[in-house]
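Report on one structure; see the data block that follows.
Reckoned from all heavy atoms, side chains included, excluding hydrogens, waters and symmetry mates.
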Amino acid sequence: MSTAHLLLSLELLGVFTFALDGALTAMRRTTLDLFGVVTLGIVTAIGGGLLRDVLLGALPPASLRTWYYLATATAGGLLAFAAHALLTRMARPLLLFDTAGLSLFAVTGAQVALEAGVGPGQAVLLGGLTAVGGGTLRDVLVRRVPTILTGGLYAVPALVGAALAVLGPQLGGRPLPWALAGAGVCAALRVGGVLRGWQAPRAVLRTPDELEE
């Protein structure tokens, strides 16, 4: 299997897992029918890639030029709807789906950006956008504060994973091992943030009296 085909397979796996996670998250927040569940699963799965492609000028976006992105996202949403009674009682599968989608989209999104001809820094940012964009759109639609704004490690692991996937080949390495390494580091940081309470640095608001001390 060529590197391009493997990266496509990884991206479709990310689409499926994010559709599952997005649909399940939406059902936990509000009451939806089958259409609503599948729609929010699709938004979560392909929303970040749509935003990335629009910014790159790759129109129509990849997820709309072929059938398999929407088909994969729809399958994930349907599975979530059919098995939600079982899956919503299981916290770890939800974390697994979210982590897998985040990690895979971070590295594949960065690779797509590089292939489009942008610089390394821009590719890292677009990899992060691919990873968190769909979930942010879903949260807005269900009137929830987006995950990237509620603390914990979410956007940071995506950016770190994308940076490894981009900078490794710039230093002479092969793209695929660095992409897998980036996905692994992203997953480890995300899981550590959830299970161990790791947080990104936060601004501390100090009163004028405290500043004078």
Exercise. With side chains defined as the heavy atoms from C-beta onward, is the minimum distance between Ile42 and Thr74 less than 4.5 Å?
Worked result: yes

Exercise. With the 4.5 Å side-chain cut-off for hydrophobic clustering, are Leu126 and Leu114 part of the same group?
Worked result: no

For this session: May I ask you to test the Asp98-Tyr154 pair for a side-chain heavy-atom distance under 4.5 Å?
Result: yes

Exercise. Is there side-chain contact between Arg138 and Asp21, with heavy atoms separated by less than 4.5 Å?
Worked result: yes

For this session: Output yes when a side-chain donor or acceptor of Ser103 lies under 3.5 Å from a complementary backbone atom of Ala187, and no otherwise.
Result: yes

Problem set entry | Pairwise distance CZ(Phe16) to CG(Leu104) - rounded to 0.5 angstrom | 13.0 Å

Problem set entry | Shared hydrophobic cluster, Leu51 / Leu64 (ILVMFWY, side-chain heavy atoms < 4.5 Å) | yes

For this session: Specify the closest pair of heavy atoms between Ala158 and Ala106, including all atoms of both residues, with the distance to one decimal.
Result: O-CB, 3.5 Å

Seminar exercise, completed: Val118 and Ala123 have their tightest heavy-atom pair at CG2-N, 3.8 Å

Problem set entry | Any Leu70 side-chain heavy atom under 4.5 Å of Val15 side chain | no

For this session: Apply side-chain contact (heavy atoms from CB on, under 4.5 Å) to the pair Leu137 and Thr44, showing each step before the final yes or no.
Result: CA-CA 7 Å; Leu137 291 174; Thr44 308; over 6 Å; no

Seminar exercise, completed: Heavy atoms of Val132 and Ala155 approach each other most closely as CG1-CA, 4.1 Å

Exercise. Which atom pair, heavy atoms only, marks the closest approach of Pro169 to Leu164?
Worked result: CD-O, 4.2 Å

Problem set entry | Leu78 vs Val37, side-chain contact (heavy atoms from CB on, under 4.5 Å): CA-CA, chis, key distance, verdict | CA-CA 8 Å; Leu78 288 173; Val37 170; over 6 Å; no

For this session: Return the minimal non-hydrogen interatomic distance between Tyr69 and Thr66, and the atom names on each side.
Result: CD1-OG1, 3.2 Å

For this session: Give the cluster check for Leu50 versus Leu55: same hydrophobic cluster or not, with ILVMFWY residues linked at side-chain heavy-atom distances below 4.5 Å.
Result: yes

For this session: Look at the side-chain heavy atoms of Ile, Leu, Val, Met, Phe, Trp and Tyr, link any pair under 4.5 Å apart, and say whether Val38 and Val142 land in one connected group.
Result: yes

Exercise. Hey, does the side chain of Arg52 reach the backbone of Gly127 with a donor-acceptor pair shorter than 3.5 angstrom?
Worked result: no

Problem set entry | Distance in Å, Leu13 CG paired with Phe105 CZ, rounded so as to fall on 0.5 Å steps | 9.0 Å

Exercise. To the nearest 0.5 Å, what is the distance between CG (Leu167) and CD (Gln170)?
Worked result: 7.0 Å

Seminar exercise, completed: Distance col, row Gln122:CD vs Leu129:CG, nearest 0.5 angstrom, shows 13.5 Å

Problem set entry | Straight-line distance of Leu102 CG to Thr17 OG1, nearest 0.5 Å | 9.5 Å

For this session: Apply side-chain contact (heavy atoms from CB on, under 4.5 Å) to Val54 and Leu59, showing your working.
Result: CA-CA 7 Å; Val54 168; Leu59 301 173; 4.1 Å; yes

Exercise. Taking a hydrophobic cluster as the set of Ile, Leu, Val, Met, Phe, Trp and Tyr residues connected by side-chain heavy atoms closer than 4.5 Å, whether directly or through intermediates, do Ile46 and Leu79 fall within one such cluster?
Worked result: yes

For this session: Please report the shortest heavy-atom distance between Gly76 and Ala19, naming the atom on each side.
Result: CA-CB, 4.0 Å

